Protein chains: 2
Amino acid sequence: MISYPELLEKFKDLLKCNSLKFTKQRELILKFLYENEDHYTPEDIYMLLKQQHPDINIGIATVYRTLTLLEESKIVSSISFGIQGKKYELGLKKHHDHLICTKCGDIIEFYDETIEKRQEAIAEKFNFKMTGHTMKIEGICEDCQEEALEE
Amino acid sequence: MISYPELLEKFKDLLKCNSLKFTKQRELILKFLYENEDHYTPEDIYMLLKQQHPDINIGIATVYRTLTLLEESKIVSSISFGIQGKKYELGLKKHHDHLICTKCGDIIEFYDETIEKRQEAIAEKFNFKMTGHTMKIEGICEDCQEEALEE
DNA sequence: CTTGATGCAAAGCATTTGCACCACA
DNA sequence: TGTGGTGCAAATGCTTTGCATCAAG
């Protein structure tokens, strides 16, 4: 896994190459996603950053703008859930898919070589030039099943 | 594949069991999805129905309400795309997944036994009680690739 | 007749945009 | 210093809701 200073450097380079500026807000968002390996909505990130850094001013619009920028640069990735909206996570780890508990919203990541291979084969079969793929398994997680039994 | 009269009967039963009413609007939407085996946004359905049946009054709210009802009843299913929004299709056929062309928006359906099996195995491994699963492969379809070459 | 359904317009909600001001480079 | 970034508030776009009226049972 890439270290934070490395990631920061990568981000700064990317900004420089596109004559964009490095700002406190952009760094905060990047750092937040690096330090919190989970899935967050833009709103989540906005609220938590405001809370953790009362000294720094940040607007929700900047969070949206930065997340879009980071996603285009392949530094973060997003998945969208029905009601829960779109959530972002650092996108530097190996490609993976998600198990989502529809009761508590918990997200479990997994990687399955067989599925990856089949996806490639299917894209090829239809002469599709694959640019991305997502898989979501929805269900009830272990904990929520137990809770249901207790009731 | 189920015939339309059968489907209609099934829908009517379902309404009766829940003391809901059978209306022209509900039938129109069901019929539309039966006759047009494709993926539509609520807006699409609303516009096309108004166009095809200028005599019958229908509001966008009713389309949303009916689609929600049909989806809860497992008669239709939906997939959501990034910018293109949520699209509905008749959900009575065998479970399948989608290839989506990010250029022209075309959707190709496919079914892969290996992937289905692996998904079940994964859910089991994490003690997840699977209630649903979706897979989307994004890319550029054959036609759009050719177009790109011509430019 | 009773109850649920409908259309309309208003309200919601997440996301985007315009703009004057601010801060990197 | 100039250019791009920011926060704010207004605007947008999709979806839901409240309500008076309508129609199915």
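Just so we're clear, the structure is a prediction, and the values are computed from it rather than from any experiment. Reminder, nothing fancy here: chain letters follow the sequence lines and each chain counts from 1.
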* Let me know the distance between CD1 of Ile58(A) and C1' of dG5(D), rounded to the nearest Å. => 12 Å
* Which parts of residues 10-22 of chain B get close to DNA chain C, meaning a heavy atom less than 4.0 angstrom away? -> Ser19(B), Leu20(B), Lys21(B)
* **Flag, side chain of Glu27(A) to backbone of Phe22(A), donor-acceptor distance under 3.5 Å** => no
Table of protein N/O atoms under 3.5 Å from nucleotides 11-17 of chain D N/O atoms:
unit_1  : atom_1 : unit_2   : atom_2 : d
dT15(D) : OP2    : Tyr64(B) : OH     : 2.2
dT15(D) : O5'    : Tyr64(B) : OH     : 3.1

* For the pair made of CD in Gln25(A) and C1' in dC24(C), what is the distance, rounded to whole Å? -> 11 Å
* Asked: Given side chains that start at C-beta, do those of Ile115(B) and Gln119(B) come closer than 4.5 Å, heavy atoms only?
  -> yes
* State whether Lys24(A) places a side-chain N or O below 4.0 Å from either non-bridging phosphate oxygen (OP1 or OP2) of dC24(C). => yes
* Can you tell me the distance, in whole Å, between the OH atom of Tyr46(A) and the C1' atom of dC8(D)? => 10 Å
* Ignoring hydrogens and geometry, is there a side-chain-to-backbone donor-acceptor pair from Asp97(B) to Met135(B) under 3.5 Å? -> yes
* Quickly work out the Lys50(B) NZ to dC8(C) C1' distance and round it to whole Å. => 11 Å
* At what angle, to 10 degrees, do the two end axes of the helix from dC1(C)-dG25(D) to dA25(C)-dT1(D) meet, given five pairs define each axis? -> 30°
* Applying salt bridge (Lys or Arg N to Asp or Glu O under 4.0 Å), run through Glu6(A) and Lys10(A) and close with a yes or a no. => CA-CA 6 Å; Glu6(A) 276 179 279; Lys10(A) 181 178 166 171; over 6 Å; no
* Asked: Does Leu67(B) share a hydrophobic cluster with Ile107(B), counting links as ILVMFWY side-chain heavy atoms below 4.5 Å and allowing steps through other members?
  -> no
* Specify the separation, in whole Å, of atom CG of Leu69(B) and atom C1' of dG4(C). => 12 Å
* Using whole Å, report how far CG of Asp44(A) lies from C1' of dA14(C). => 13 Å
* Asked: With under 30° as parallel and over 60° as perpendicular, where do the rings of Phe32(A) and Tyr40(A) fit, or are they tilted in between?
  -> perpendicular
* Asked: Is it true that Ile140(B) and Phe128(A) fall in one hydrophobic cluster, defined by side-chain heavy atoms closer than 4.5 Å?
  -> no
* Protein-nucleotide distance (Ile29(B), atom CD1; dA5(C), atom P), rounded to Å -> 13 Å
* For residues Glu109(B) and Tyr111(B), is any side-chain donor paired with an opposing acceptor at under 3.5 Å? -> no
* Under 3.5 Å donor-acceptor, Asn18(A) side chain and Leu20(A) backbone -> no
* **Under 3.5 Å side-chain donor-acceptor pair for Gln25(B) and Thr62(B)** => no
* Side chain to side chain, Glu116(B) and Lys94(B), heavy atoms closer than 4.5 Å -> no
